There are 2 protein chains.
Amino acid sequence: MQYTVKQLGDLAGVSARTLRYYDEIDLLKPSAVTEAGYRLYGPDAVDRLQQILLYREMGMGLDQIKRIMNDPQFDLKEALLSHRKSLLQRKAQLEQLLETVERSLAGLEGRIHVTDKEKFEGFKKQLVADNEAKYGKEAREKYGDEAVDASNAKLMGMSPEDWENFKKVEEELIETLRAAMEEGDPDSDLGLKVGELHRRWLSFTWQSYSAEAHRGLAEMYVADERFKAHYDQYSPGAAEFLRNCIFAYTEKKRG
Amino acid sequence: MQYTVKQLGDLAGVSARTLRYYDEIDLLKPSAVTEAGYRLYGPDAVDRLQQILLYREMGMGLDQIKRIMNDPQFDLKEALLSHRKSLLQRKAQLEQLLETVERSLAGLEGRIHVTDKEKFEGFKKQLVADNEAKYGKEAREKYGDEAVDASNAKLMGMSPEDWENFKKVEEELIETLRAAMEEGDPDSDLGLKVGELHRRWLSFTWQSYSAEAHRGLAEMYVADERFKAHYDQYSPGAAEFLRNCIFAYTEKKRG
DNA sequence: GATAAACCTTAACGTTACGTTAAGGTCAAG
DNA sequence: CTTGACCTTAACGTAACGTTAAGGTTTATC
């Protein structure tokens, strides 16, 4: 069935103004528009609004929500699984906050001593929306906007530990790349390890992997001046060598 | 010890800008200011910031937070107990949202059918901040800003059921007041019942009760034109009669 | 058919709670 | 002394709507 703005708003707990605003910013278009100009929302719009509200619940900005949901790779089931993870994190944070309140009460009664630091436990927002703020900027400076937008859904679900591992793998990749370049053979064990490490690095941001896509990215490293410059800063010719390692790795994997 | 804006911000997870803004709007003043003009925050400010963040966590606006915390009746322990209640409500809502996600996943897999209404369960915000939006306006029109501000902390914790009961007690109060006025004796059983109902009605918004405060309020009903007009709309002389019933009730209780 | 209430549209200004930038002063470590 | 981190105030900008206004549409009732 189809809903007008008020009907959908009442159903979902948002204002008609919100729905019109979402239409205006192309976040949630109505399923149809009557001759009189009335917006009508169908099942597809209902499902999309649910997703929007879930992302919004996590504090994500509308611009970001739009990018994620407009990604051709957006998958409803994956998204729901991601939401579940985020909600569980949020729940854990709430429980921490409850603990903080309990301890503050106990401190008030002189039963225990509560440090200033403890008084703010649970307020720290290690949550999905903050990942963009925290890591997105760094990632954007390193890899460019397109790469980050393409991996936004995955990046959003990262914990601080994930981020650290992400960076560690990259550091190891750079080191191994340097060593392999001294050896000079992309087909060597070191060269293959470079390819494998690169694949592991990609797993942090790619929703799915294919050797073909991996090779496509590798070609982009030498074709796109920004990526080339990024890797060549480690060592002259690094982008090209990395491309070759990736090809060796994917060929061997395939062969 | 004392913290600068950055130190307190890092400790609490808020920006220095936020702290400066809170100083500007008189929500959180620094404990001291150095000769160079630097803000310094001591233990009192730390505790106050914790409270601010707890209210903010519940979605409460800063203006509202300020009114509650500046109320002479503000009590830290009561506030913490109220926070706990709010946090538990929030937790229950999150769990509902998790259930909604699980059901949506099951629906996606064709295991169950999920209604459009069910898809939005958990998003409805029956929470403290919304009480002001929902009930505050109605309450303000009826009782005036001062009365509502004075009872804000209690009002914020109301559930929809509480609100309905609040109104029911008031309706019964008005009816009984009318009946008692026809009888004409504030000291009668009906008159005393008016006093008791009024006390019950107050218990929804007062953090503590005393006969003295009750009588003070009763005096205000006849002295303040708005209250007088409010009650006299039910029946001419109702404000004065109510004052007399309250005095009879509190005198009998005391004697 | 007329009426009234509820709802629809677009337009546009306002609000809240900061984020960001700029200019210039202060503090602490090397 | 230098430098980097941090402080101040000022002021403009931003995100996500809320609110008001003017005028059209829909639906139920008489």
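Quantities reported herein were computed from a predicted structural model and do not represent experimental measurements. In what follows, every chain begins at residue 1, and chains take the letters A, B, ... in the order their sequences are listed.
Between the CZ atom of Arg20(A) and the P atom of dA16(D) there is a distance of 18 Å, rounded to whole Å. The separation between Arg17(A) atom CZ and dT15(C) atom C1' is 13 Å, rounded to whole Å. Atom pair Gln64(A):CD and dT14(D):P shows a separation of 18 Å (rounding to whole Å applied). The distance between atom CD1 of Ile52(A) and atom P of dA15(D), rounded to the nearest whole Å, is 17 Å. The nearest whole Å value for the distance from the OH atom in Tyr38(A) to the P atom in dA6(C) is 14 Å. Going from atom CG of Leu27(B) over to atom C1' of dA17(C) covers 11 Å, rounded to whole Å. For Asp63(B) and dT16(C), the CG to P distance is 7 Å, given to the nearest whole Å. To the nearest angstrom, P of dT9(C) lies 10 Å from CG of Leu19(A).
For the pair Arg20(B) (side chain) and Ser15(B) (backbone), a donor-acceptor distance under 3.5 Å is absent. The main-chain N or O of Glu78(B) is never found under 3.5 Å from a side-chain atom of Ser82(B) such that the two would form a donor-acceptor pair. With hydrogens and angles disregarded, no donor-acceptor distance shorter than 3.5 Å links the side chain of Lys91(B) to the backbone of Leu98(A).
Test Asp10(A), Leu49(A), Val14(A) against Phe120(B) for side-chain contact (heavy atoms from CB on, under 4.5 Å) and you get one pass: Leu49(A).
Residue Ser15(B) places at least one side-chain N or O closer than 4.0 Å to OP1 or OP2 of dG19(C). In this model, the phosphate group of dG18(D) is approached by a side-chain N or O of Thr18(A) to a distance below 4.0 Å at OP1 or OP2. Of the side-chain N and O atoms in Tyr21(A), none sit less than 4.0 angstrom from OP1 or OP2 of dG18(D).
Between Gly37(A) and Ala36(B), the residue anchored nearer the 5' end of DNA chain C, judged by the nucleotide with its closest heavy atom, is Gly37(A). Toward the 5' end of DNA chain D, the nearer of the two residues Tyr22(A) and Thr34(A), judged by each one's closest nucleotide, is Tyr22(A).
Donor-acceptor pairing under 3.5 Å is recorded for the side chains of Gln93(B) and Arg90(B).
Minimum atom distance to the side chain of Thr4(A) is reached by dC7(C), of the listed dC7(C), dC7(D), dC17(D). Candidate nucleotides dT9(C), dG19(C), dT9(D) were compared by shortest atom distance to the side chain of Arg39(A), and dT9(C) ranks first.
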